[in-house]
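As structure tokens, the structure follows; a few thoughts come after it.
Sequential numbering from 1 along the given sequence is applied to the chain's residues.
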Amino acid sequence: MKAIRRFTVRTVLPEPISALAALATNLRWSWHLPTRELFATLNPQIWKESKHDPVTFLGSVGREELQQLAADPAVVARVRRAEEDLTHYLTKPRWYQGLGASAPKCIAYFSPEFGVAEALPQYSGGLGILAGDHLKAASDLGVPLIGVGLLYQAGYFKQSLSRDAWQQETYPLLDPDNLPLTLLREADGTPAQVRLPLPEGRQLLANIWRADVGRIPLLLLDSNVQGNDDAARTITDRLYGGGGDHRLQQELLLGMGGVKALRIYARLTGGVAPEVFHTNEGHAGFLGIERIRELMDPAVTAEPLSWGAALAAGRASTVFTTHTPVPAGIDRFPAAQIRHFFGAGLAPNVPVDKVLALGAEDYDDGDPFVFNMAVMGLRLAQRANGVAKLHGVVSRGMFAKLWPGFDHSEVPITSVTNGVHVPTWVDPRLSGLAAERFGAQVLDGPDWGKVYDVPDADVWALRRTLRSALVKDVRRRLRSTWKKRGAADAELAWTENVLDPDVLTIGFARRVPTYKRLTLMLRDPARLKALLLDKHHPIQLVIAGKSHPADDAGKAMIQELVRFTDDPAVRHRIVFLPNYDIAMARTLFPGCDVWLNNPLRPLEACGTSGMKAAINGSLNLSVMDGWWDELYDGENGWAIPTANVGTSAEERDDIEAAALYELLENQVAPRFYGSTVVYGSVPNGAGAAGPSTPGTEELPTHWISMIKHTLAKLGPAVSAERMVQDYVNRLYEPAAISGRAARADGYAQAKDLALWIARVREAWPQLAVEHVDSLGVTAEPQIGDTITVQAYVALGGLNPADVSVETAYGKALDNDQLSDTTIAVLDRFEDLGQGRYLFSGDIVVDRAGSFGYTVRVLPNHGALASKAELGLIANA
């Protein structure tokens, strides 16, 4: 029989242990080991069956057992201590509370996905995991941040394999009442709802669910509510599902609905309105339109602003982060589709043509019929960043057409390198060893340098323990995978001997778009097979990853790889694990000795999986892309050489695969098995040239030194706390200051800036650098000579205060291009009449060889965050 109706009944806890409810619903448990251990000890079997989810756990414990637990003084005392610890964590001042008054009072962080815990499956890959780590680190630092996202009814898909190794997708429905969520309600108990008008007189309603991520509230919008028609109810059906109107409506709900949700949340809780809005990728870009709508709507504000003033005010306090290194990764919609939806009254009083202009590809090679979400995000934010130094360079090049006339290095997109939340991703056995040796306080920092004080034997023993745990987990998962592929138990005895806890273990796990090159390792199958089966220096590979349901090329790569792993000759040395998720990652990252990453350079924006491996003592083997390009130092792993630019795709893959094999054969594997010290019993006959027998262990001292170096140096550099501190210091605080200035005195500065921008844009076509002179250049110039540069400029109706006239000087190349440039402002001017001015300034010749200079004019206003902000420049 099938139920005609289904609902979830929440457990009522006895009063002495009622605090377990708060401990279960605050997702701090996902990174706080003592809280997880508390639940585990209450009933280990049910804890295992609940897949370590406290909400599910409490719903599975019977009433009688709960009463028994409540009658146990030891249990009650433990629960009370855990409650006190959580209260202390949520209320005590932390790093952020030591900052000055200029720090923002509240920051809104928008993302289409959040990977916080396996109990809340609202993520697909790196973007979501990064967003979850951002919230956790903000919580640990005391940053007053609010997350905003969507609650997907099926989350992302669950992956399995058919018998012929083709990816299969299923979408199990989630019950919000059985998740660590609380429904936001009005004072009368009815659900608080966001409302958006849709074309043809339809409407989109969404409930607001709150998840507590430590100190951080995460608001998730859910369209599966009464009052919506069937189409509207499915808008939040699945992450990145569908396209066309479906995808656009998801992004409208996330951006515009997300701002409305923040206003409702502030009203109901008395909380502080966000001073800074952070758009994590272009999917949430419409938040800027909703903020402009608020400022232009007479129903919202007594003194509505003009479009220009509202745009200036919103931009001042908005941060935009781009994660994609390729144009194909950007959401683009037909401009007519945008007009259709905004014509339905999504943003009353906001001119639709102005909205369309924000996303217009009105530059060389742009498509005039397309609305580009990343372009809109950049135009709606005064501050923008990529997610690694190299990705910043790539982003400045990719979006340079928005700033014509500027060198790529001057495009106003900076970078903040991603990080990972250490308490989430570091294995408890590693942190436990640190606490045991140096006291629990060593984890508060953490003081990564303490690893140098740990004996080599202990480091190596821990690495084997972690590797053994991975082997055990792989065997269990592989058996389950084969059963789902149709194998009988009688066929699966071989899975009990898959992998070896004493063999060099290499991990590779990520999404599977073609540019990440899952199958590069298969370029020469015979050579890979020889590496796997080498008698002296064998390797073993653990591989995982999902391909987008619509990406048949990615699915074909998975199929090719799995068919190789199915070969009875090698299947004990190489495995593919389907359904890669947070739960799998917790064992995979610590258990691998080496983390492999071989994308097409420079198409990896950051690649944080290698960071998670590094904080567990794994070494990276990677193409110089993403974060590895800036943090590889020669002793924390190996860099895979890349082919020259212009090499054909086939030849490039051949060259880089050969380089990978060469590194594995001649450097990585020999170093792992090499030794200088022996402890324990006598080694087996293989000596230093193969795995030891149980009970004997040879210490590869160089390898262990690389582990210690990786932990000591990379640990602090790749932590999400460092990342969030960078965002606060470099982006959030400046955005808060700019936003306050824009709002002051009834938005006086925003109004002034809007009028000034309009005047400058109108006059700029008439502005020209007419002539440039230099005084003081001798017949034989020498280092230290002073040159006076003079520029005659027609300002076209502008004033000297409206512009910055600069000279750029440096080494002149054969094609007259300047390199290693220095910028100096020509800060003296003389009015020559009729709108013409003579600007002058001094520069010092600071280098030998070919020396050159030029002059340029840029807009100048105190409210601009960058000289390039308006995309206007006049070069001599």
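Between Met376 atom CE and Glu251 atom CD the span is 8.0 Å, to the nearest 0.5 Å. The CD1 atom of Ile737 sits 10.0 Å away from the CD atom of Glu275 when rounded to the nearest 0.5 Å. Atom-to-atom distance recorded for His861:NE2 and Asp752:CG is 4.5 Å, nearest 0.5 angstrom. To the nearest 0.5 angstrom, Phe320 atom CZ is 8.5 Å from Met373 atom CE. Separating the NZ atom in Lys811 from the OG1 atom in Thr822 is a distance of 14.0 Å, to the nearest 0.5 Å. With rounding to the nearest 0.5 angstrom, the OG1 atom of Thr788 is 6.0 Å from the CZ atom of Arg828.
Residues Arg759 and Leu798 meet the side-chain proximity criterion, which asks for heavy atoms closer than 4.5 Å. Under the 4.5 Å side-chain criterion, counting only non-hydrogen atoms from C-beta, Pro144 is in contact with Tyr96. Contact annotation: the side chain of Ser719 never approaches that of Gln725 to less than 4.5 Å [non-hydrogen atoms, C-beta and beyond]. Leu248 places a side-chain heavy atom less than 4.5 Å from the side chain of Ile338. Two residues are said to be in side-chain contact when any heavy atoms from C-beta on lie closer than 4.5 Å; His134 and Val724 meet this criterion. Looking at Val760 and Ile757, their side chains never come closer than 4.5 Å, going by heavy atoms from C-beta outward. By the 4.5 Å heavy-atom criterion applied to side chains, Arg263 and Pro274 are counted as neighbours. Between Leu262 and Phe277, some side-chain heavy-atom pair lies under the 4.5 Å cut-off.
Ring-plane geometry between Tyr727 and His278 is classed as tilted, the angle between the planes lying from 30 to 60 degrees on a 0 to 90 degree scale. Taking the six-membered ring where the residue is Trp, Tyr809 and Phe851 present tilted rings, their angle falling between 30° and 60°. Aromatic ring orientation, His771 versus Tyr792: tilted (interplanar angle from 30° to 60°).
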(request) Quick one: do Arg743 and Ser317 satisfy side-chain hydrogen bond (donor to acceptor under 3.5 Å, both in side chains)? Show the steps, please. (result) CA-CA 10 Å; Arg743 295 191 301 271; Ser317 55; 4.8 Å; no

(request) Decide side chain to side chain contact (heavy atoms under 4.5 Å, CB included) for Val857 and Trp764; before the verdict, give the C-alpha distance in whole Å, the side-chain angles of both, and the deciding distance to 0.1 Å. (result) CA-CA 10 Å; Val857 185; Trp764 203 260; 4.1 Å; yes

(request) Please step through side chain to side chain contact (heavy atoms under 4.5 Å, CB included) for the pair Ile289 and Leu380, ending with a clear verdict. (result) CA-CA 8 Å; Ile289 306 299; Leu380 281 171; 4.2 Å; yes

(request) Please test Leu311 against Ile292 for side chain to side chain contact (heavy atoms under 4.5 Å, CB included), starting from the C-alpha separation and ending with a verdict. (result) CA-CA 6 Å; Leu311 175 62; Ile292 289 172; 3.9 Å; yes

(request) With side chain to side chain contact (heavy atoms under 4.5 Å, CB included) as the test, would you mind laying out the steps for Ile129 and Glu113 before giving the verdict? (result) CA-CA 8 Å; Ile129 298 298; Glu113 51 178 301; over 6 Å; no

(message) Would Phe286 and Phe110 count as a ring-ring contact (aromatic ring centres under 6.0 Å, His included) here? Give the steps.
(response) CA-CA 11 Å; Phe286 288 117; Phe110 286 66; over 10 Å; no

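Remark: side-chain polar atoms of Asp802 are paired, donor with acceptor, to backbone N or O of Asn799 under 3.5 angstrom. With hydrogens and angles disregarded, no donor-acceptor distance shorter than 3.5 Å links the side chain of Gln817 to the backbone of Leu813. Of the possible donor and acceptor atoms, none in the side chain of Glu604 sits under 3.5 Å from a partner among the backbone N and O of Gly626. Side-chain atoms of Glu630 come within 3.5 Å of backbone atoms of Lys389 as a donor-acceptor pair (strictly under, hydrogens ignored). Distance alone, capped at 3.5 Å, places no donor-acceptor pair between the Glu294 side chain and the Val300 backbone. The backbone N or O of Met611 sits nowhere less than 3.5 Å from a side-chain atom of Thr608 that would complete a donor-acceptor pair. Using a distance-only test at 3.5 Å, with no hydrogens or angles considered, a donor-acceptor pair links the side chain of His391 to the main chain of Thr324. Put simply, the side chain of Trp627 gets close to the backbone of Gly607: a donor and an acceptor are under 3.5 Å apart. In this structure, the side chain of Gln382 engages the main chain of Ala863 through a donor-acceptor pair within 3.5 Å. Side-chain atoms of Asp407 never come within 3.5 Å of backbone atoms of Ser409 as a donor-acceptor pair (strictly under, hydrogens ignored).
Heavy atoms from other residues, nucleotides or ligands lying under 6.0 Å from NZ of Lys354 number 12 at most. Within 6.0 Å of the CD atom in Gln766, the count of heavy atoms belonging to other residues, nucleotides or ligands exceeds 12. At most 12 non-hydrogen atoms from other residues, nucleotides or ligands lie less than 6.0 angstrom from CZ of Phe369. No more than 12 heavy atoms of other residues, nucleotides or ligands lie within 6.0 Å of CD in Glu303, so this atom counts as exposed by the packing criterion.
For the salt bridge (charged side-chain N to carboxylate O under 4.0 Å, His left out) with Glu410, the lone residue among Lys867, Arg856, Arg396 that qualifies is Arg856. Just one of Arg332, Arg379, Lys401 meets the salt bridge (charged side-chain N to carboxylate O under 4.0 Å, His left out) condition when paired with Glu361; it is Arg332.
A donor-acceptor pair shorter than 3.5 Å can be found between the side chains of Thr318 and Arg291. In summary, the side chains of Ser415 and Asn385 do not present any donor paired with an acceptor at a separation below 3.5 Å, with no hydrogens or angles considered. A side-chain donor from one of Asn280 and Ser111 sits under 3.5 Å from a side-chain acceptor of the other. Residues Ser774 and Tyr853 have side chains that bring a donor and an acceptor to within less than 3.5 angstrom of each other.
Residue Pro348 comes nearest to Gly345 through the heavy atom pair CD-O, 3.3 Å, listed as atom of the first residue, atom of the second, then distance. Here the closest non-hydrogen pair linking Leu818 and Gly810 is CD2-O, 4.0 Å. Scanning both residues, Leu390 and Arg601, for their nearest heavy atoms gives CD2-NH2, 3.8 Å. Nearest heavy atoms, Gln250 versus Leu150: O-CD1, 3.6 Å. Residues Asn875 and Gly405 share a closest heavy-atom pair of ND2-O, 3.5 Å. The two residues Leu378 and Arg315 have their closest heavy-atom pair at O-NH2, 4.4 Å.
The six-membered or imidazole ring of Tyr109 lies away from that of Tyr732, with a centre-to-centre distance of 6.0 Å or more. Residues Tyr240 and His283 bring their aromatic ring centres within 6.0 Å.
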